[in-house]
Amino acid sequence: MNCRAEVLEVSVEGRQVEEAMLAVLHTVLLHRSTGKFHYKKEGTYSIGTVGTQDVDCDFIDFAYVRVSSEELDRALRKAVGEFKDALRGSGSDGMGQISLEFYQKKKSRWPFSDECIPWELWTIKVNVVNLANEQERQICREKVGEKLCEKIINIVEVMNRHEYLPKMPTQSEVDNVFDTSLKDVQPYLYKISYQITDSLGTSVTTTMRRLIKDTLAL
Amino acid sequence: MDTDLSSQDRKDLDKFIKFFALKTVQVIVQARLGEKICTRSSSSPTGSDWFNLAIKDIPEVTHEAKKALAGQLPAVGRSMCVEISLKTSEGDSMELEIWCLEMNEKCDKEIKVSYTVYNRLSLLLKSLLAITRVTPAYRLSRKQGHEYVILYRIYFGEVQLSGLGEGFQTVRVGTVGTPVGTITLSCAYRINLAFMSTRQFERTPPIMGIIIDHFVDRPYPSSSPMHPCNYRAGEDNGAVYPSVEDSQEVCTTSFSTSPPSQCVFTVTKAHFQTPPPVVTDTLKVPVMGLAFSHQLSSSRLSYQPAALGVGSADMGYPVLFAGGLHAAHPHQLIGPGKEGGVPPIPSQPAHGTQADQERMCTPLDGVHYSAATPSSSEDTETVSNSSEGKCGSPHDLLETIFVRKVGAFVNKPINQVTMANLDIPFAMFAPKNVELEDNDPMVNPPDSPETESPLQGSLHSEGSSGSSTGNTHDDFVMIDFKPAFSKDDILPMDLGTFYREFQNPPQLSSLSIDIGAQSMAEDLDSLPEKLAVHEKNVKEFDAFVETLQ
């Protein structure tokens, strides 16, 4: 099927990158996570409960809601941390993008490996600005807060379109649709990758693929 | 229209919509409590978490919502609305948001009730969680406390957006199609936060005041016995709300995957207790967290108990509404406080669907929740006073223009007042005017140890929303900067003038780029000379350093 793609753009100061990215990613994952499935006999299943919590940003006048799952939060923070470090790295003009892709696995017969078919892709383009003084930083705090509010409204609007979502899987198929490795919530299978644009405008090949299972399998 | 919908599906759908409405109200009110919400994820379904989301149920809020719905469901022309408003310590109030849960006629017959509709309602609740943190009222509610509190009101019927001022914005949280109609959840929020300048000159005491107080154990004994606060109408005591587990229907959902369209959905009805009919028309219920309420508890010391209504208003009790508390009786709303032989307030039947419930001032002999920050000196100027006073004769009072004084304790003749006309967002949080000296207890500060808010003043809000006589001063704002404790006979200029003058200092020259660039060259040129001078004085410097050691 076609993969639905959404692009969001933000301009932030260096120290705001992490919180801004986490806010957007958590908001998307809030909508794309369910409770843990518990399969019973006769093909029925029940769904666990998803808790939520408020997060206040330190460098942005903004607050957002995320799923109450420390594992998920850790995974996102790790990915965003690496993105932030890469942005700061040499050859970067402060421009890059981080992508959150939801995919389904399709089992293929041997010798072919499983296919990953994306069905939704969120891309956040980031432009890091440098500010001269405290007054500008204060204005930036407020402005970025307002911008993020707009982004959240955009995300909710997309979610509300009720477009394609993978079919609810049977017990044997659940790992092809959902990430079942977390103990308290169950997001759809996702991966986070990023790209840094160097000052020449070309994409540096620092694409990093992370499957959540691999990280936790360490 | 229902021919295609089986009766079981219809029952399920009604149940979903009902609990969706209740959960919507919970999410909105909890988001305006002023504190961060945190609930835990649970991998094993408990059966009482509707829509698979951990949303706590505050009993008073559920009660209010059920009362407003009065057994009905949102339908075409009958929307459930949650109005969020702000009330200052001076008694002025302003509507901030109206959240509307509406139903329209567009049906989606093909959709599966027990599966798709349920999941989409769950998604909509998640969207609501996200959006409630994004509107301007969220930040206001996080900062509520001494100067203002956030109140909510639930009503059912036609949406009233007139109180939001001009140019209000709307954000749509989402829609869910069902076989009986499309559910839409949206929010209209005010963006013009300028207050009106005129203000009630006299505050008539309320006929009835409701104090919301969560403290059963008071930290300090007061001179007269204060009754534990309970939600009562006079005839029975201790009408504590039933806990969630008792009163809510339990939802155990199991979904089937084979075939995916089929769903086994069981809803078991737990023992359902209806709380005894108590207070009826609730005007507004304040929304504040417990943390704040603790601070305010001590300030009730100075209040003298008096007859109900007047007394309770005089006391200026803070309206405290605990969300997610762990106190013994966490969710008790106070009915009419009973102090000193106050007659009980007669209950009125809930006017769930009457239009007049939508007005800000419900019938005066209804029960009102009032919010006020403690201010011992303002005995006659509590919020509840103002709200009732407004109800009583709001409109003629609002047309009086008042002369403002500059400075909180300024002994200035009235004709020297200058008024600044400001129209700035969040202007209400700028320091405010005070009313005339004679009526202003702040001018003659009492010896009470209570500290008044440093920015006392009067904000003048427009009258009640939907005030039928209308107010001609809709967008007129007059706010004069009046810092506390300033007297202008000490200096030629008072603190306010000083502050105004030096509020926006010019940019430092070293920070401006072009001057910096120029002076850089000069600096570099002058460096050798400076070094030479310093070298000459080396011995002096050394001696100085030695004295330090």
Side-chain angles (χ1 to χ4, degrees), chain A residues 26-27 30-40 42-56 61-70 72 132-133 135 145-146 148-153 155-157 159-162 165 167-171 173-174 182-186, chain B residues 27 31 35-55 115-116 119-120 122-136 138-139 142 171-177 185 252-264 507-508 511 513:
Chain A
H26 268 303
T27 303
L30 170 70
H31 289 82
R32 293 285 179 249
S33 299
T34 72
K36 296 284 289 178
F37 282 14
H38 296 273
Y39 285 92
K40 299 182 252 191
E42 299 126 24
T44 60
Y45 61 96
S46 57
I47 307 182
T49 303
V50 173
T52 56
Q53 61 186 84
D54 282 316
V55 182
D56 287 337
D61 284 345
F62 186 70
Y64 60 93
V65 178
R66 69 167 175 92
V67 171
S68 286
S69 166
E70 291 311 315
L72 186 63
N133 60 42
Q135 201 174 8
E146 286 168 26
L148 283 177
C149 289
E150 286 173 30
K151 301 304 164 200
I152 301 299
I153 295 177
I155 293 171
V156 163
E157 211 177 354
M159 297 295 178
N160 178 55
R161 288 185 210 150
H162 301 304
L165 279 181
K167 239 167 30 177
M168 283 299 149
T170 57
Q171 189 166 14
E173 300 267 302
V174 70
L182 301 173
K183 65 178 194 301
D184 43 13
V185 295
Q186 191 173 287
Chain B
V27 168
E35 49 190 30
K36 283 163 72 162
I37 305 294
C38 179
T39 57
R40 294 184 60 189
S41 302
S42 160
S43 67
S44 29
T46 57
S48 61
D49 292 322
W50 276 92
F51 308 105
N52 307 117
L53 282 174
I55 298 172
Y115 175 72
T116 313
N119 287 334
R120 287 187 181 177
S122 176
L123 196 71
L124 188 51
L125 272 178
K126 290 175 183 169
S127 297
L128 182 64
L129 281 164
I131 295 285
T132 44
R133 273 66 176 172
V134 147
T135 52
Y138 179 71
R139 290 184 56 199
R142 290 290 300 270
V171 59
R172 194 167 80 161
V173 182
T175 60
V176 172
L185 186 53
T252 38
T253 61
S254 20
F255 294 86
S256 165
T257 55
S258 54
S261 57
Q262 215 175 28
C263 190
V264 173
Q507 185 82 303
L508 287 176
L511 289 179
I513 302 169

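Remember, predicted model here, so these are calculated numbers, not experimental data. A note on names: the letters A, B, ... follow the listed sequences, proteins ahead of strands, and every chain is numbered from 1.
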Top contributor to chain B interface from A/Val67, A/Asp61, A/Thr34 [non-hydrogen pairs under 4.5 Å]:
A/Asp61
Rounded to the nearest 0.5 Å, how far does CD of A/Gln53 lie from CD1 of B/Ile37?
11.5 Å
Does A/Val50 offer a backbone N or O that forms a donor-acceptor pair with the side chain of B/Asn52 under 3.5 Å?
no
At what distance, to the nearest 0.5 angstrom, does CG of A/Leu165 lie from CZ of B/Arg120?
8.0 Å
Ranked by heavy-atom pairs below 4.5 Å to chain A, first place among B/Ala31, B/Ser44, B/Ser127, B/Gly174 goes to B/Ser127
If only atom types and distance count, is the side chain of B/Ser43 paired as donor or acceptor with the main-chain N or O of A/Gly48 below 3.5 Å?
no
Taking every heavy atom of B/Glu35 against every heavy atom of A/Asp54, the minimum-distance pair comes out as O-OD2, 4.2 Å
Taking all non-hydrogen atoms of both residues into account, name the closest pair between B/Ala54 and A/Gly51 and its distance.
CB-CA, 3.8 Å
With rounding to the nearest 0.5 Å, note down the distance linking CZ in B/Arg142 to CG in A/Asp56.
4.0 Å
Between B/Leu53, B/Thr116, B/Leu124, the one whose heavy-atom pairs under 4.5 Å with chain A are most numerous:
B/Leu53
Counting heavy-atom pairs closer than 4.5 Å to chain B, which one of A/His38, A/Arg66, A/Arg161 comes out on top?
A/His38
Contact part of A/Phe37 toward chain B, heavy-atom cut-off under 4.5 Å: side chain, backbone, both or neither?
neither
My understanding is that only one of A/Thr27, A/Val156, A/Ile153, A/Val65 makes a side chain to side chain contact (heavy atoms under 4.5 Å, CB included) with B/Val134; could you say which?
A/Ile153
Taking atom CZ of A/Phe62 and atom OH of B/Tyr138, what is their separation to the nearest 0.5 Å?
10.0 Å
Point-to-point distance, once rounded to the nearest 0.5 Å, from CZ of B/Arg40 to OG1 of A/Thr49
11.5 Å
Region of A/Gln186 that comes under 4.5 Å of a non-hydrogen atom in chain B
neither
Nearest 0.5 Å please: distance from the NE2 atom of A/His31 over to the OG atom of B/Ser122.
9.5 Å
Can you name the closest pair of heavy atoms from A/Asn160 and B/Thr175 and give their distance?
OD1-N, 2.7 Å
